[in-house]
Amino acid sequence: MCKALSLVLLAVIALPETSRAEALFDVKPVAPDVYAAIARSHRPENANSAFILLDDGVLVVDTASTPSSARALIAEIRQLTPKPVKWIVNTHFHWDHYWGNQAFVEAFPNVEIISSRRTRQDMERMGLGNPLLARWSVEIPETIADWKRQLTETTELDRRQRLTERIQGWEAALLELKAIRPVLPTLTFERRLVLHSGARTVELLWLGRGHTAGDVVVYLPQDHVMATGDLLAGDTPYIADITPYDWIRTLDALEKLDFDAAIPGHGDVVAGKEKLGLWKEYFRDLMAKTESAYATGTTLEDTVKQISARLVEKYRERFGADFPAAVRGNVSAAYRIASGEQN
Ligand SMILES: [Zn+2]
């Protein structure tokens, strides 16, 4: 999940529907009949998906952030198999992972949408009149109005063209946003749900609180592969709703599973378990440094500045290019936790 909306929406709507699949996702095999659909251009706003081709249908993990992105995923699946999508797993309740559900339901009316009980509750809590949608439907028209005003004030040709493109892009994006109707899971479970298909088993596991309270991993024990949602990302962890202490415990549980590759919620396929160790180390460090800053009376603003700089220096090489920007949000979340404002 990410606050910056512009890039993904502009990218989504700037392209004709037929070429969106190519433009939005890189589909790569991870094991026989298991594919990762990696959202392109390192846009956290559009989450990754995974496709698991089973005997009598396809299981899709996460459905991207918009119906048009979901249609791009469906086009990719149709390149791989004529089988219908029979199951969707929503790994957690964040919009970038499930607002594509409606396009899948339109294409495959019998599809079963599965999540943890807690994830469905969180989706319900967000409501169909999602506050994010409500906010954007106010903010985007304001932004468009501002660009239109700028357009009337500039005579420079290049700038006029850029503004015109932006206005057109956002007007189309607004239309798509207005058409989004979040679709809730139809089947929920507490800790473990196992699908059996021929020789293959697919385990849906809730291992504890991590990125959210309801994160589910989709584990293929025979293939030593899993899809993790945002419990693990190819880039930087995004601390949203849960403390890093819970997240560390859940990563410990994840580490005990036998896997060689993880399809994360964002960023590229993760090989091996090394990243789990890195994330745990980073979370511990982040909390220790922030807690001691809080304990000595440092303000939020100064803590974010000082601790971010130290963490960037220490971890920059081992995380993705987004780390210096993402770390600030993590420090401020850690500060809220240290102060007892968030738990
Ligand atoms: Zn996400």
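Note that these values count all heavy atoms, side chains included, but never hydrogens, waters or copies made by symmetry. Indexing begins at 1, ligand by ligand and atom by atom, following the structure's order. In this text, all values refer to a predicted model and were calculated from it rather than measured experimentally.
At least one N, O or S atom of H97 sits under 2.8 Å from the Zn ion (ligand 1). Among the atoms of H266, an N, O or S atom is found under 2.8 Å from the Zn ion (ligand 1).
Relative to the ring axis of F93, R125 places its NZ or CZ within 45° and under 6.0 Å from the centre.
Counting only heavy atoms from C-beta outward, the side chains of P84 and N110 never approach each other to under 4.5 Å.
Residues L73 and A37 approach most closely at CD2-CB, 3.8 Å, considering heavy atoms.
When you scan the N, O or S atoms of D230 for the one nearest the Zn ion (ligand 1), you land on OD2. Residue-level check: among N/O/S atoms of D96, OD2 sits closest to the Zn ion (ligand 1).
Not one N or O on the side chain of D96 forms a donor-acceptor pair closer than 3.5 Å with the backbone of S65.
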